[in-house]
Visitor: 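Provided herewith is a single structure, encoded as structure tokens, for subsequent inquiry.
Indexing begins at 1, ligand by ligand and atom by atom, following the structure's order.
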Amino acid sequence: MVTELLSPTAENIEKCAKLLRAGEIVAFPTETVYGLGANALDGSAAKKIFEAKGRPAANPLIVHVSNAGQIDLIAHINEKAQLLIDQFMPGPLTLVLNKKPDVADIVTAGGGTVGVRMPDHPVALALIEKAGVPVCAPSANTSSRPSPTMAEHVYEDLNGKIPAIIDGGKCPLGVESTIIDLTGQPRVLRAGAVPLSEIEKVIGAVNTDVIYSNELNSMKTPKNFVPRINMMFSAYFTGMADNINAYYDQLVMRSEKPVIFCLDWRKEKYGGRSVILMGETVDDYARNLFEKIREAEKEYSVVIAEGVPKTGLGVTLLSRLVKLSHGQVI
Ligand code: TXA
Ligand code: MG
């Protein structure tokens, strides 16, 4: 199959909406990461997503909608869900709710709940709107690869396996949506682009037990989320740079090719060692993480990533570092 890379014109969005209606799968930009979409009401369409990604059937897909009315068709909205919908949708938040029967079983991995999200991206919204159906979509990477934040990443992973990718440039947030399970006591399933503190302001305390698990309950296989490159990260403390430098030098002696992920202003602390700059702030670091991992893989054998404070998007970033490194903290 030839994979077309399409610019996000109205004509191309219409073309991709048509593909979705015809039971095909298409990759498209969202404000978080690129998604690989199919009609969520069509089981055989959704099956193609699992095949293209090599995704285990036990791992359910998030269903994307273009307006609040569509949520009603696929899920039961409770009081807390309504509050979060009003506050954060469209936006980088996914709610797990009890599902309605129209959603294809394969989408929810046979379970009785469905993840619902309304992306805050004009191309994604237009595509879903034009398709006229809710669109199930995981991140558009091959299973076990970092989420794609640029159309090139999708192409790298899925060229020849899907008919089209809409190129919307770099995703503005670069890290996936926050997932909250509201089917019981509110519980975070994945820290993400909406900081938890913002969510707790609206619905009160949320159970956060799984955030730093490197085997998140939503990550069903041990293979999930492994970059090709070996990763580790440093605990965040005053002596962090010395700690990282000591590890870096040991790795060089073992003939590894390490690189340090650091915030721009901390660069000098690493002397002449190889660094990849992650931006000015922790939010930039989170936004750039997946892109920089794909970049680092081309040249280095090990990433040593700086740790960050556990506040705001620092929580999200650390949860990704824990998973990517399999908990290898130095
Ligand atoms: O930002 C995002 O959420 C991106 C964009 C494309 O929307 N999507 C995304 O999808 O990250 P995915 O499939 O790569 O990650 C979604 C996670 C999976 O780990 C899945 O197990 C979990 O959400 N999930 C989906 N539906 C669920 C459900 N009903 N119950 C529990 N977990 C669910
Ligand atoms: Mg994913």
Visitor: Check each atom of ligand 1 against the heavy atoms of Arg55 and keep those under 4.0 Å away; list them by number with element.
Guide: 13 (O), 18 (C), 20 (C)
Visitor: Can you sort out the partners of Asp284 under side chain to side chain donor-acceptor pair (under 3.5 Å), two or more places apart, ordered by chain and number?
Guide: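 Residues passing side chain to side chain donor-acceptor pair (under 3.5 Å) with Asp284: Thr281, Arg287.
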Visitor: Which atoms of ligand 1 have any heavy atom of Asn59 under 4.0 Å away?
Guide: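 Here the atoms of ligand 1 in question are 18 (C), 19 (O), 20 (C), 21 (O).
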Visitor: Which ligand 1 atoms are under 4.0 Å away from a heavy-atom of Ser139?
Guide: 8 (N), 9 (C), 10 (O), 12 (P), 14 (O)
Visitor: For ligand 1, is there an atom lying under 4.0 Å from some heavy atom of Leu189?
Guide: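 So Leu189 counts as touching ligand 1.
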Visitor: Any atoms of ligand 1 less than 4.0 Å from a non-hydrogen atom of Glu176? List them with their elements.
Guide: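 Under 4.0 Å from Glu176, ligand 1 has these atoms: 1 (O), 2 (C), 11 (O).
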Visitor: Quick check on contacts: which atoms of ligand 1 are under 4.0 angstrom from a heavy atom of Gly35?
Guide: 6 (C)
Visitor: For ligand 1, is there an atom lying under 4.0 Å from some heavy atom of Lys99?
Guide: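 No.
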Visitor: Got more than 12 heavy atoms from elsewhere within 6.0 Å of NZ, Lys310?
Guide: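 12 or below, so no.
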Visitor: Ligand 1 and Thr32, any nitrogen or oxygen pair closer than 3.5 angstrom?
Guide: yes
Visitor: Has ligand 1 got any nitrogen or oxygen that is less than 3.5 angstrom from a nitrogen or oxygen of Ser177?
Guide: yes
Visitor: Could you tell me whether the side chain of Thr208 reaches within less than 4.5 Å of the side chain of Leu196, counting heavy atoms only?
Guide: yes
Visitor: Would a 4.5 Å heavy-atom cut-off, applied to side chains only, mark Ile330 and Asn243 as touching?
Guide: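 Yes, close enough: below the 4.5 Å cut-off.
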Visitor: Under 4.5 Å between any side-chain heavy atoms of Pro146 and Arg320, yes or no?
Guide: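 Contact flag for Pro146/Arg320 side chains = no.
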Visitor: Which of the atoms of ligand 1 are close to Val114, meaning less than 4.0 Å from one of its heavy atoms?
Guide: 29 (N)
Visitor: Among Gly37, Ala193, Pro60, which one puts a heavy atom closest to atom 25 (C) of ligand 1?
Guide: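 Among Gly37, Ala193, Pro60, the closest heavy atom to atom 25 (C) of ligand 1 comes from Pro60.
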Visitor: Less than 4.0 angstrom from a charged side-chain N to a carboxylate O is my criterion; do Glu14 and Arg21 meet it?
Guide: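 Here Glu14 pairs with Arg21 in a salt bridge, since their nearest N and O are under 4.0 Å apart.
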Visitor: For ligand 1, which atoms, with element, lie under 4.0 Å from some heavy atom of Ile179?
Guide: 17 (C), 23 (O)
Visitor: If we ignore angles and hydrogens, is there a donor and acceptor under 3.5 Å between the side chains of Thr32 and Glu176?
Guide: no
Visitor: Got a sec, which residues hit side chain to side chain donor-acceptor pair (under 3.5 Å) with Glu198, two or more places apart in sequence or on another chain?
Guide: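 Side chain to side chain donor-acceptor pair (under 3.5 Å) check on Glu198 returns Lys201.
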Visitor: From Ser139, does some N, O or S atom reach closer than 2.8 Å to the Mg ion (ligand 2)?
Guide: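 A backbone or side-chain N, O or S atom of Ser139 is under 2.8 Å from the Mg ion (ligand 2).
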Visitor: Answer yes or no: is there an ion pair linking Lys269 with Glu306, defined by an N-O contact shorter than 4.0 Å?
Guide: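 Between Glu306 and Lys269 there is no salt bridge, as every charged N stays at least 4.0 Å from the carboxylate O atoms.
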